[in-house]
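The first residue in the sequence is number 1, and the count goes up from there.
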Amino acid sequence: MTSPRHNDLPEPGETSDVWAEMRKTTQARIGLGRAGNSLPSRRVLEFQAAHAAARDAVHDPLDAAAFAGTLADLGIGTPVVVTSQASTRSEYLRRPDLGRRPADLSEVPCADAEIGIVIADGLSPRAVVDHAHGLVAALLDVFDGRYSIAPPVIATQARVALGDHIGEALGVTTVIVIVGERPGLSVADSLGIYLTHLPRPGRTDADRNCISNIHPPDGLNYENAARTTAALVEGARRLGRSGVALKDTSRRSLETFDDPGAIDAC
């Protein structure tokens with residue numbers, strides 16, 4: 001099911017829609033019009049369809065085994081599937097704290113690599129199915145063999161902080177958590193990237209960098225998200241940390257990404 005799009009055809013007896021051109025530039029609901037004291041019927045139906053899509057995106061579970069099979073062509077090892085301490089999707093939604101802690105990481109190998117990639121279902125497993133493979137492929141393309149990369153880990157019923165436990169178990173220098181973002185009434189399949197340098201349990205949001213709204217064609221595309229992530233990795237390795245101290249550095253690095261000499265001079 002795709003995200004609902006606005007239908008700009010006028011209803012019978014309705015005048016031309018002066019908002020139609022502006023509405024093409026945004027997914028926000030603007031200029032909805034009126035029908036008496038309410039909205040036109042089609043706007044009400046669009047809202048209900050968007051709400052249903054958002055609910056489905058949150059509640060439909062990720063088929064981790066099937067998704068793991070789609071990653072085989074990336075050439076970074078056999079994916080490992082882990083889960084949080086939330087035993088069901090319902091418990092995951094009611095208990096965010098359980099989604100931040102692992103149930104069992106005994107199957108996670110100590111890869112002693114530079115980069116770990118964790119793909120977490122988060123609040124939109126649909127976003128993972130729609131976009132995670134393309135995003136990981138773009139990351140590998142931009143990294144271009146500069147870093148050793150651990151086998152990917154797929155995490156279910158997962159919050160972002162679960163990546164700190166997984167990163168520590170992998171023994172990686174930097175963990176990249178790709179997670180399904182909370183659906184809205186315009187977008188139900190958006191991904192976010194959270195990058196943490198020297199991951200370990202107890203890290204906070206101040207220790208991470210976030211790239212959000214990844215859902216081409218309407219959101220950030222895979223290539224730009226990957227380039228920004230690569231710049232953050234470069235900056236974190238120079239600074240020895242990620243998070244709030246890295247923001248300005250990452251923007252400067254992105255501007256000079258193709259010039260290693262300029263990056264080193266920052």
Side-chain angles (χ1 to χ4, degrees), residues 82-86 92 95-102 105 108 111 113-125 127-128 131-132 135-136 138-140 142-143 147 149-150 152-184 190-215 219-220 222 224-254 257 263 266:
V82 303
T83 188
S84 73
Q85 292 182 8
Y92 166 78
R95 292 287 305 274
D97 58 313
L98 297 181
R100 300 184 183 106
R101 301 197 295 266
L105 297 181
V108 175
E114 293 169 291
I115 302 291
I117 297 176
V118 177
I119 304 168
D121 55 1
L123 288 168
S124 180
V128 170
H131 300 299
L135 180 55
V136 174
L139 284 170
L140 298 177
V142 172
F143 288 154
Y147 308 112
I149 299 177
V153 176
I154 300 169
T156 61
Q157 320 293 24
R159 304 278 175 170
V160 172
L162 185 62
D164 296 330
H165 297 265
I166 297 171
E168 183 181 56
L170 286 169
V172 296
T173 306
T174 306
V175 68
I176 295 169
V177 178
I178 298 171
V179 62
E181 295 184 313
R182 184 188 305 275
S190 181
L191 285 179
I193 291 176
Y194 288 82
L195 180 146
T196 308
H197 193 66
L198 302 179
R200 62 176 183 270
R203 290 293 195 191
T204 69
D205 288 342
D207 300 313
R208 317 185 207 285
N209 294 87
C210 175
I211 305 163
S212 64
N213 203 39
I214 306 167
H215 58 98
L220 186 65
Y222 307 143
N224 286 337
R227 287 177 64 87
T228 303
T229 303
L232 288 169
V233 171
E234 292 281 354
R237 290 171 65 84
R238 288 197 309 273
L239 292 174
R241 61 187 184 276
S242 54
V244 293
L246 181 57
K247 287 184 178 178
D248 290 340
T249 303
S250 70
R251 284 194 288 268
R252 290 196 300 270
S253 296
L254 182 60
F257 183 76
I263 290 176
C266 289

Heavy-atom pair with the smallest gap, counting every atom of [X] and [Y]:
X      : Y      : result
Glu168 : Pro201 : OE1-CD, 3.2 Å
Pro183 : Ser124 : CG-CB, 4.2 Å
Ala111 : Ala150 : CB-CB, 3.6 Å
Ser212 : Leu220 : O-CD2, 4.1 Å
Ala120 : Val177 : CB-CG1, 4.3 Å

Kindly indicate, with the supporting measurements, whether the criterion side chain to side chain contact (heavy atoms under 4.5 Å, CB included) is fulfilled by Val175 and Leu170.
-> CA-CA 9 Å; Val175 68; Leu170 286 169; 5.5 Å; no
Ignoring hydrogens and geometry, is there a side-chain-to-backbone donor-acceptor pair from [X] to [Y] under 3.5 Å?
X      : Y      : result
Arg241 : Leu246 : no
Asp121 : Ala158 : yes
Thr156 : Thr83  : no

Is any side-chain N of the basic residue among Arg100 and Asp97 closer than 4.0 Å to the acidic one's carboxylate O?
->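 No salt bridge links Arg100 with Asp97.
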Within a strict 4.5 Å, meaning less than it, do heavy atoms of the [X] and [Y] side chains meet?
X      : Y      : value
Ile115 : Leu139 : no
Ile119 : Val153 : no
Leu98  : Arg101 : yes
Leu123 : Arg159 : yes
Asp164 : Arg208 : yes
Leu195 : Thr174 : yes
Leu191 : Leu135 : yes
His131 : Ile214 : no

Gap between atom [atom2] of [Y] and atom [atom1] of [X] - 0.5 Å precision:
X      : Y      : atom1 : atom2 : answer
His215 : Glu181 : NE2   : CD    : 8.0 Å
Glu234 : Leu239 : CD    : CG    : 11.5 Å
Ile193 : Asn209 : CD1   : CG    : 11.5 Å
Ile211 : Ile178 : CD1   : CD1   : 10.0 Å
Arg237 : Leu198 : CZ    : CG    : 10.5 Å

Would the number of heavy atoms belonging to other residues, nucleotides or ligands and lying under 6.0 Å from OH of Tyr92 be above 12?
-> yes
Does a side chain donor of either Thr196 or Ser242 reach within less than 3.5 Å of an acceptor in the other side chain?
-> no
